[in-house]
Protein chains: 2
Amino acid sequence: METAVTALSALAQETRLAIFRALMRAHAPEEGKGGLAAGEIASALDVAPATLSFHLKELLHAGLVVQRREGRSLIYKADLAAMHGLTAYLIDDCCQGACGSLSPCVPGRAEAECV
Amino acid sequence: METAVTALSALAQETRLAIFRALMRAHAPEEGKGGLAAGEIASALDVAPATLSFHLKELLHAGLVVQRREGRSLIYKADLAAMHGLTAYLIDDCCQGACGSLSPCVPGRAEAECV
DNA sequence: TCCATATTTTGACTATTATAAAAATAATGA
DNA sequence: TCATTATTTTTATAATAGTCAAAATATGGA
């Protein structure tokens with residue numbers, strides 16, 4: 001639950017959610033590919049460098065993004081597995097499957113319970 | 001996105017997430033049934049009345065729970081549709097389907113992208 | 001109407017979070 | 001090595017969130 005609270009807190013902020021969405025759009029499944037440089041995010045979202053850095057650290061700390069260096073740039077990339085962990089927690093643990101968006105697909109889940 | 005941030009903020013707190021989980025366990029699909037009285041939540045989670053009330057208002061404001069009166073008690077109940085809205089937002093909009101826990105079930109979603 | 005119960009609101013306080021300017025660090029190329 | 005670019009860290013400040021005692025409100029029953 002602590003992990004979930006940390007991840008939820010990380011996404012529960014306008015700027016950070018916008019950052020994460022931008023990173024999802026720039027995502028590539030291949031290791032070492034995809035993601036955005038801090039500077040690219042800063043100009044795309046019009047956020048002051050220090051402020052952006054603060055938010056990126058927050059997302060990093062929550063494990064929702066990973067960081068790699070490419071020359072002078074630090075590239076940030078969304079961590080799909082972490083995000084999956086969060087949605088899985090919300091749907092399966094928190095809601096016991098009763099609120100999953102894709103509920104009907106899962107065997108053993110009552111269709112009637114699917115919202 | 002504003003709605004999502006509000007909902008995420010509501011759940012991004014130990015006590016509130018615990019409240020919501022308790023309400024999910026006490027859920028019943030029928031209108032006017034299920035949920036927990038404020039007092040029941042307070043004793044179950046050992047939270048001071050005023051503090052609990054503050055958190056319940058937060059969840060109410062986020063639309064994640066609904067309230068009904070039964071005699072002297074106020075019964076709080078999780079709103080499944082709202083929770084579905086949140087998970088759907090995270091999976092479909094925020095992640096464009098790439099991080100859904102139940103991803104493979106949805107037609108048109110690439111199996112390879114499913115975590 | 002008066003009392004007891006259930007819960008919320010108010011108010012005061014502490015803690016955490018967000019912002020951004022300025023200084024520090026890291027990498028590259030001249 | 002020095003200048004340049006990219007980014008983080010430090011530091012200060014402002015804003016928001018969490019806690020809880022005490023007072024207020026709402027309901028039901030004697």
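Here is how names work: the chains are called A, B, and so on, in the same order as the sequence lines, proteins then strands, and each is numbered from 1.
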Atom-to-atom span, [atom1] of [X] to [atom2] of [N] - whole angstrom:
{"X": "A:Gln67", "N": "D:dT9", "atom1": "CD", "atom2": "P", "value": "9 Å"}
{"X": "A:Leu56", "N": "C:dA18", "atom1": "CG", "atom2": "C1'", "value": "14 Å"}
{"X": "A:Leu11", "N": "C:dT17", "atom1": "CG", "atom2": "C1'", "value": "16 Å"}
{"X": "B:Lys57", "N": "D:dG18", "atom1": "NZ", "atom2": "P", "value": "12 Å"}
{"X": "B:Ile75", "N": "C:dT7", "atom1": "CD1", "atom2": "P", "value": "7 Å"}
{"X": "B:His55", "N": "D:dG18", "atom1": "NE2", "atom2": "P", "value": "6 Å"}
{"X": "A:Leu74", "N": "D:dT5", "atom1": "CG", "atom2": "P", "value": "18 Å"}
{"X": "A:Leu59", "N": "D:dT7", "atom1": "CG", "atom2": "P", "value": "16 Å"}

Report task. Just call it for A:Ala37: base, sugar-phosphate, or nothing, with non-hydrogen atoms closer than 4.0 Å on any strand. Result -> sugar-phosphate
Close N or O pairs between protein and nucleotides 20-24 of chain C (under 3.5 Å):
from: C:dA20; atom 1: OP2; to: A:Thr51; atom 2: OG1; distance (Å): 3.3

Would you please name every residue forming a side-chain contact (heavy atoms from CB on, under 4.5 Å) with [X], sequence neighbours left out?
{"X": "A:Ser43", "answer": "none"}
{"X": "B:Tyr89", "answer": "A:Leu17, A:Arg21, B:Met1, B:Ala4, B:Asp93, B:Cys94"}
{"X": "B:Thr15", "answer": "B:Gln13, B:Ile19, B:Val47, B:His55"}
{"X": "A:Thr6", "answer": "A:His61, A:Ala62"}

Query - Pairs where residues 71-90 of chain A contributes a residue and the test salt bridge (Lys or Arg N to Asp or Glu O under 4.0 Å) is met, not counting sequence neighbours - result: none
Query - Inter- and intrachain pairs under salt bridge (Lys or Arg N to Asp or Glu O under 4.0 Å), touching residues 56-71 of chain A, at least two apart - result: A:Arg68-A:Glu70
Report summary line: Closest to the side chain of A:Glu58, out of D:dA26, C:dA18, C:dT9, is C:dA18
Query raised in the report: Does the side chain of A:Met83 come within less than 4.5 Å of B:Ile91's, by heavy atoms?
Result: no
Query raised in the report: Do A:Leu64 and A:Leu23 touch side chain to side chain, with heavy atoms closer than 4.5 Å?
Result: no
Report summary line: The answer to which of B:Ser53 and A:Gly71 contacts DNA chain C further toward the 5' end, by nearest nucleotide, is B:Ser53
Report task. Could I get the full list of side-chain hydrogen bond (donor to acceptor under 3.5 Å, both in side chains) partners for B:Gln67, not counting sequence neighbours? Result -> B:Tyr76
Query raised in the report: What residues, two or more places apart in sequence or in another chain, satisfy side-chain hydrogen bond (donor to acceptor under 3.5 Å, both in side chains) together with A:Glu14?
Result: none
Query - C:dA6 phosphate, OP1 or OP2, under 4.0 Å from B:Tyr76 side-chain N/O - result: no
Query raised in the report: Under 4.0 Å between a side-chain N or O of B:Ser73 and OP1 or OP2 of C:dT7?
Result: yes
**Report entry** Stretch residues 14-24 of chain B: residues that reach within less than 4.0 Å of DNA chain C through a heavy atom
**Finding:** none
**Report entry** Side-chain (A:Arg25) to main-chain (B:Gln96) donor-acceptor, under 3.5 angstrom
**Finding:** no
Close N or O pairs between protein and nucleotides 1-4 of chain D (under 3.5 Å):
from: D:dT4; atom 1: O2; to: A:Arg72; atom 2: NH1; distance (Å): 3.4

Tell me which donor-acceptor pairs under 3.5 Å the side chains of residues 29-39 of chain A have, and how far apart each pair is, sequence neighbours excluded?
none

